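Letters go in sequence order (proteins before strands), and every chain restarts at 1. Source: prediction; values computed, not measured.
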Amino acid sequence: MLRFLQQEIFKLVRSRLFYLSFVMLVVFVALMLWGFYTYSQHKTGGQVEFKYTYENSSYFNGLIFTLYSVYFAFQLIIPISVSILAGTQIAGEARGGTLRFLLTRPISRSRLYLGKYMVSILSVFALLAFFIVFNLLIGLVFVGWGDLSLYPGPLNLVQEPSRIPQSQALVRFLCATFTGTWSLMTLATLAFLMSVLFENPIVSSFTALTLYVMFNVIGRVDFFVDLKPYLFTTDMEFWREVFKPEIPVNELLYRACRCGMYSVAFLLTGLVIFEQKDILT
Amino acid sequence: MSVILETRDLTKRFDERTAVDQVNLQVRRGDLFGFLGQNGAGKSTTIRMLLGLVKPSAGSISVLGYDLPRQREAALRNVGAIVEGPAFYDHLTGLENLKLFTSLSGRVGDLRYREVLRMVDLSGREHDRVRVYSHGMRQRLALAQALLPRPEVLVLDEPTDGLDPQGIREVRQLVVDLAQKQGLTIFLSSHLLHEVERICNRIGIINHGKLLYQGSVQELLLQEPEYRIRTDRIDEAFQFISTQLKLSVSRNGNEHLYLRVAESEIPAVNQSLVNQGFQVFELSRLASSLEDIYFRLTSC
């Protein structure tokens with residue numbers, strides 16, 4: 001299994017698609033930086049309309065920049081990357097014909113399936129870790145350092161202004177790398193399932209992303225309040241809980257478990273289908 | 001010789017369509033077995049079932065004594081295969097591709113890589129990316145990946161597909177060498193009937209999912225000989241043979257009649273024609289090719 005994993009990682013790091021996601025995120029960070037600069041200039045130069053925001057002069061620092069950047073990236077850009085990364089794993093091999101070559105080798109389908117899945121999750125982790133570290137570095141160099149000041153606002157993390165000291169904030173970002181990966185694992189597993197169902201990697205990635213966006217939207221509309229607890233997207237935002245001044249450990253674990261259960265359900269469904277599937281491509 | 005690849009009533013249905021219908025194949029150790037059939041006849045589906053890529057709807061498969069799909073991994077440990085066209089990771093080099101695929105079958109030493117690359121005439125090109133390989137080179141690389149783990153059985157689905165005449169000749173020679181010099185059992189599907197006739201000792205012919213023939217190429221060629229007859233009053237001779245003698249006869253213009261009968265009946269046919277006053281100028285046995293027999297069998 002270890003050898004197979006090594007080979008899969010080797011294939012992944014040698015493919016352009018893998019780096020495309022990183023390039024997308026780098027472009028996004030550049031855009032965020034430009035937005036952050038112009039926004040802060042406009043707002044601090046004008047009237048104080050957002051009283052919580054400008055009480056503290058060190059509000060605009062690298063940590064808050066990173067938090068906003070990661071938060072906004074989580075809305076769509078990271079899910080796109082994750083859907084592509086996981087959605088192309090098996091469908092890409094099927095499309096290229098290499099799946100039939102792999103399966104003429106003495107390797108069990110379940111080993112191949114789980115190996116590829118582990119590589120997908122590792123790549124999601126690598127992607128997120130890179131994104132957070134890159135944001136922190138950019139934030140440090142271009143925006144400056146300080147404590148992480150939190151205000152009631154779009155992040156919806158606190159009811160009252162709070163502050164997390166710099167050293168603790170960095171630990172929180174480290175935690176967010178893991179909670180974020182765990183949360184994205186749900187989407188990655190769904191995309192992986194689609195990758196088994198469809199033999200076209202574009203279709204599998206797009207279908208997973210469409211479901212993610214659709215359920216996300218449904219989850220925000222009051223009409224579907226009864227449906228919300230059953231949507232796999234409902235608990236995916238739990239990763240942000242680590243940025244609350246007091247981390248609600250129980251709630252965090254509960255929601256992480258729910259995400260995990262969806263992941264396991266998607267993973268097992270995919271495995272059963274893959275075991276039975278006729279390889280015709 | 002022992003049977004090392006066998007199917008019993010192997011059947012595959014895709015919804016309403018039966019792609020493979022109760023096929024009983026037997027490939028013996030050391031065979032160079034040609035598997036013939038038109039596009040859509042069920043060749044590829046059969047091959048995919050032999051390799052565990054497609055699950056049978058009914059019937060059983062045994063490869064090297066292991067049941068498929070139940071003991072798929074054990075069975076494939078000594079099988080090398082090319083299924084349809086060669087497929088590789090274009091962004092990797094030829095050697096990297098070989099290492100990737102071969103790693104799933106166990107460790108292979110550097111010496112073996114060099115040996116096989118030389119065998120398929122890819123030495124010196126192994127560090128090029130597969131992206132720049134021609135179709136022929138890809139096909140040879142596919143053969144290399146099948147050969148690397150030293151298989152006992154080689155399953156080759158259209159290995160010469162898309163190759164130029166030179167490439168076809170090289171692959172043919174390689175396949176013959178592998179069978180004769182290295183003693184590999186080779187299961188080869190091909191469209192090239194004359195190639196199969198030249199190199200295979202046994203064949204199977206499949207059409208509409210059913211196995212029409214299985215056995216030695218020589219036996220098949222001798223099974224139904226064809227005779228050419230030239231007489232005077234050819235129209236009357238044609239009528240006489242078909243209606244009075246009730247034999248299978250065809251004609252090609254006003255020159256010859258073609259008769260398909262057992263050799264033992266020929267003197268009687270000749271006698272009957274002479275007794276009816278026909279002048280028999282020629283009665284000769286034609287050498288049937290595999291192609292003739294193949295088309296006759298598959299057009300039924």
Side-chain angles (χ1 to χ4, degrees), chain A residues 1-21 23 85 88-116 118-119 123 196 199-201 271-281, chain B residues 12-14 19 44-45 47-57 63 66 69 71-93 96-107 129-130 138 141-142 145-146 148-149 151 153-157:
Chain A
M1 187 64 163
L2 197 65
R3 200 166 163 76
F4 179 66
L5 277 177
Q6 280 176 344
Q7 300 286 16
E8 284 298 312
I9 291 168
F10 172 73
K11 262 172 12 191
L12 188 72
V13 297
R14 291 288 302 273
S15 76
R16 284 185 187 168
L17 191 65
F18 182 58
Y19 296 103
L20 186 70
S21 303
V23 170
L85 271 175
T88 52
Q89 281 293 321
I90 288 181
E93 299 267 10
R95 179 81 163 182
T98 43
L99 186 63
R100 70 170 183 270
F101 267 67
L102 287 173
L103 288 175
T104 56
R105 293 286 172 200
I107 179 172
S108 72
R109 287 193 182 196
S110 54
R111 222 170 89 190
L112 186 134
Y113 178 85
L114 294 172
K116 280 194 163 291
M118 282 162 76
V119 170
S123 58
V196 171
E199 273 137 16
N200 183 330
L271 180 61
V272 169
I273 294 169
F274 189 61
E275 283 281 356
Q276 299 303 318
K277 194 179 169 76
D278 287 335
I279 309 299
L280 299 169
T281 52
Chain B
K12 180 64 188 180
R13 283 182 285 272
F14 293 108
S44 289
T45 307
I47 286 177
R48 282 170 189 262
M49 284 193 280
L50 293 179
L51 296 167
L53 293 170
V54 167
K55 302 259 188 310
S57 307
V63 177
Y66 296 101
Q71 296 171 298
R72 186 183 144 272
E73 280 170 77
L76 294 184
R77 219 161 271 149
N78 288 305
V79 175
I82 304 178
V83 187
E84 290 186 13
F88 292 103
Y89 303 103
D90 282 0
H91 61 285
L92 302 180
T93 68
E96 285 168 343
N97 268 286
L98 289 182
K99 286 187 171 173
L100 260 172
F101 285 109
T102 314
S103 68
L104 304 175
S105 303
R107 289 194 182 276
R129 289 187 185 213
V130 170
R138 283 166 185 257
L141 190 68
Q145 68 80 32
L148 269 165
V153 180
L154 206 53
V155 178
L156 306 174
D157 188 9

Heavy-atom pair count under 4.5 Å with chain A, highest-scoring of [options]:
options	answer
B:Val155, B:Leu76, B:Val79	B:Leu76
B:Ser103, B:Pro69, B:Ala81	B:Ser103
B:Thr102, B:Leu92, B:Leu104	B:Leu104
B:Arg72, B:Met49, B:Glu84	B:Arg72
B:Val83, B:Leu51, B:Asp90	B:Val83

Residue pair [X] / [Y]: nearest heavy atoms and the distance that separates them:
X	Y	value
A:Glu93	A:Thr98	OE1-OG1, 2.5 Å
A:Gly115	A:Phe4	CA-CE2, 3.8 Å
B:Ala146	B:Ile82	CB-CG1, 4.4 Å

*Is it true that atom CZ of A:Arg109 has more than 12 heavy atoms of other residues, nucleotides or ligands lying nearer than 6.0 Å?*
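Enclosed: over 12 neighbouring heavy atoms sit under 6.0 Å from CZ of A:Arg109.
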*So with a 6.0 Å cut-off around CZ of A:Phe10, is the heavy-atom count from everything else above 12?*
yes
Check each atom of [X] against the heavy atoms of chain A and say whether the ones under 4.5 Å are side chain, backbone, both or neither.
X	value
B:Glu96	side chain
B:Lys99	backbone
B:Pro149	side chain
B:Ala74	neither

*asked:* Can you tell me how the ring of B:Phe101 sits relative to the ring of B:Phe88, calling it parallel under 30°, perpendicular over 60° and tilted otherwise?
replied: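 Ring orientation, 0 to 90° scale: perpendicular.
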Go through the atoms of [X] and report whether side chain, backbone, both or neither lie under 4.5 Å from a heavy atom of chain B.
X	answer
A:Gln6	neither
A:Lys277	backbone
A:Arg3	side chain
A:Leu280	both

_Interatomic distance, A:Leu99 atom CG to A:Phe274 atom CZ [nearest 0.5 angstrom]_ =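 It comes to 5.0 Å.
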*asked:* Return the CZ to CG distance between B:Arg48 and B:Asp157, rounded to the nearest 0.5 Å.
replied: 7.5 Å
*Take A:Arg100 and A:Thr104 through the test side-chain contact (heavy atoms from CB on, under 4.5 Å) and record every step on the way to the result.*
CA-CA 6 Å; A:Arg100 70 170 183 270; A:Thr104 56; 5.5 Å; no
